[in-house]
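To start, the structure under review is shown below, and the notes come after it.
As the structure is a prediction and not an experimental result, all values here were calculated from the model. Naming convention: chains lettered A, B, ... in sequence-line order (proteins, then strands); numbering from 1 in each chain.
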There are 2 protein chains.
Amino acid sequence: MVNKFNQTVKPTRLIMKEIKDKTEDKILDAAHEVFLRKGMDGARMQEIADEAGINKALLHYYFRSKEKLFEAIFATVLKKAFPNILKFLASDLTLEQKVDLFIESYIDLLQKNPYLPMFILKEINRNPESLADIIRSKVEDPEQLFETIGNELRKNDIFEVDPRHLLVNIIALSVFPFAARPLVQQVMFGNDKKAYQQFLSERKQVVKQFIHRSISKP
Amino acid sequence: MVNKFNQTVKPTRLIMKEIKDKTEDKILDAAHEVFLRKGMDGARMQEIADEAGINKALLHYYFRSKEKLFEAIFATVLKKAFPNILKFLASDLTLEQKVDLFIESYIDLLQKNPYLPMFILKEINRNPESLADIIRSKVEDPEQLFETIGNELRKNDIFEVDPRHLLVNIIALSVFPFAARPLVQQVMFGNDKKAYQQFLSERKQVVKQFIHRSISKP
DNA sequence: GTCTATATGGCGATAGAC
DNA sequence: GTCTATCGCCATATAGAC
């Protein structure tokens with residue numbers, strides 16, 4: 001689109017929309033950053049505004065309240081944090097490969113989002129109802145899921161394992177070193193960041209091996 | 001001590017002291033209760049006062065600030081949460097027995113204090129410096145601890161295992177189902193409290209078996 | 001030591017100019 | 001849409017009577 005001075009212009013609505021999106025995105029990015037580190041209770045609207053390079057009033061203009069802004073962040077984060085397990089099960093890989101793939105991609109995710117575990121743990125304990133959405137949208141039928149995992153397990157010559165305990169084990173082993181970072185880093189490695197990172201990078205291999213040894217028959 | 005009417009009485013100072021202790025203990029109990037559920041950020045001095053059956057002003061009379069009161073609670077809780085691992089190693093039990101004993105007593109502790117994991121995780125992430133004390137007083141020399149565990153492991157004909165990873169694994173498997181209670185209970189058991197409790201009571205056995213299979217050679 | 005009343009500050013939220 | 005200024009509340013903390 002070109003005006004009478006031959007300058008390219010865009011329809012006003014589009015310009016508005018782009019500006020809006022830009023600001024809204026800046027807010028969402030900033031809120032994501034702050035909420036993930038501090039959680040709902042610890043975060044301050046002022047800090048989010050600073051991080052986004054705007055002021056508090058604008059936050060309320062785009063999202064009516066802190067609670068609403070938080071919910072927007074929580075919903076997207078929660079989706080990311082619940083990998084679709086059925087997707088892993090559907091492929092025609094061996095059980096061992098499926099488990100490896102799941103562990104590897106999950107720890108990958110956590111290394112890119114180290115604050116994710118505590119963010120979710122804090123919120124689901126603060127407000128357990130916040131889980132209801134995800135249950136409906138993502139894990140539609142848990143009963144069915146564990147049934148499927150159970151069937152997959154029985155196809156293999158391994159120890160009898162409760163699917164729920166197995167899943168909890170895999171997630172626990174993956175998540176804990178991130179959630180307990182200060183503990184692991186300070187107490188186990190004398191606050192040596194490098195040593196802690198090294199520990200994390202060994203983790204994928206360790207968890208995979210650990211899980212397989214725990215279910216494989218001699 | 002007897003007065004002129006032959007009634008037993010106590011010196012005023014002692015009476016004062018007892019009253020003081022009673023109130024102080026009531027405060028500590030109440031603070032323990034509230035802080036463990038809500039954490040430093042989520043707790044309210046009013047709620048602690050109500051729980052103790054006194055008013056807010058008294059809290060500040062006994063402990064100067066919320067922060068100081070919290071520190072008092074955190075210190076005692078942290079001590080409880082760090083079992084003396086060397087104690088378990090010192091006995092002349094087999095490795096398997098030592099591991100079993102540790103897991104069993106630790107999960108026992110968590111069942112009696114289900115809020116303990118999240119309380120500690122939240123606080124060490126909010127204020128990592130809070131760990132410094134415990135490091136000095138309890139886990140004096142981590143290097144030494146893992147050296148000792150490593151030696152113990154090498155005495156047995158098992159897979160080569162990094163003591164740090166093994167310890168993290170044991171704690172992760174024990175702690176996670178408590179820290180992630182809403183997740184496990186709602187998502188895995190359709191919010192069936194009984195089923196979740198049943199799951200927890202199976203946990204000791206599961207974790208023990210899991211650990212042993214993962215380190216035992218065929 | 002314990003209470004009521006109040007000061008003080010911070011934070012979420014809104015009003016209103018531009 | 002964005003800003004400055006301000007309201008109103010709530011939580012920690014203190015003053016002061018008893």
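Partners of A/Leu59 under the side-chain contact (heavy atoms from CB on, under 4.5 Å) rule, at least two apart in sequence or in another chain, are A/Ile27, A/Met45, A/Ile48, A/Ala49, A/Ile54. Scored by the side-chain contact (heavy atoms from CB on, under 4.5 Å) test, B/Gln185 finds B/Arg181, B/Asn191, B/Lys193, B/Tyr196 as partners (sequence neighbours excluded). Residues satisfying the side-chain contact (heavy atoms from CB on, under 4.5 Å) criterion with B/Glu147, sequence neighbours excluded, are B/Asn151. For the side chain to side chain donor-acceptor pair (under 3.5 Å) test, no residue two or more places apart in sequence or in another chain qualifies with B/Thr76. Applying the side-chain contact (heavy atoms from CB on, under 4.5 Å) rule to B/Leu101 yields the partners B/Phe88, B/Leu93; only residues at least two apart in sequence or on another chain are considered. In this view, B/Arg44 satisfies the salt bridge (charged side-chain N to carboxylate O under 4.0 Å, His left out) rule with no residue, not counting sequence neighbours. Under the side chain to side chain donor-acceptor pair (under 3.5 Å) criterion, A/Thr148 pairs with A/Gln144, sequence neighbours left out. Applying the salt bridge (charged side-chain N to carboxylate O under 4.0 Å, His left out) rule to A/Glu143 yields the partners A/Arg164; only residues at least two apart in sequence or on another chain are considered.
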### Message
For nucleotides 13-18 of chain D, give me one character per nucleotide, 5' to 3': B if any protein heavy atom sits under 4.0 Å from the base, S if the only such contacts are to the sugar-phosphate, - if neither.
### Response
BBB---
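Non-hydrogen atoms lying under 4.0 Å from DNA chain D are contributed by nothing in residues 46-54 of chain B.
In this structure, A/Arg44 reaches the C/dG12 phosphate: one of its side-chain N or O atoms is under 4.0 Å from OP1 or OP2. In this model, the phosphate group of D/dC3 is approached by a side-chain N or O of A/Asn55 to a distance below 4.0 Å at OP1 or OP2.
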Output side-chain donor-acceptor pairs under 3.5 Å for residues 63-73 of chain A, partner residues at least two apart or in another chain, one line each.
| residue | atom | partner | partner atom | Å |
| --- | --- | --- | --- | --- |
| A/Ser65 | OG | A/Lys68 | N | 3.2 |
| A/Lys66 | NZ | A/Met40 | O | 3.0 |
| A/Lys66 | NZ | A/Ala43 | O | 2.9 |

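Between the axis at the start and the axis at the end of the helix from C/dG1-D/dC18 to C/dC18-D/dG1 there is an angle of 10°, using five pairs per end and rounding to 10 degrees.
One finds a salt bridge joining A/Asp108 and A/Lys204 here, because a Lys/Arg side-chain nitrogen approaches an Asp/Glu carboxylate oxygen to under 4.0 Å.
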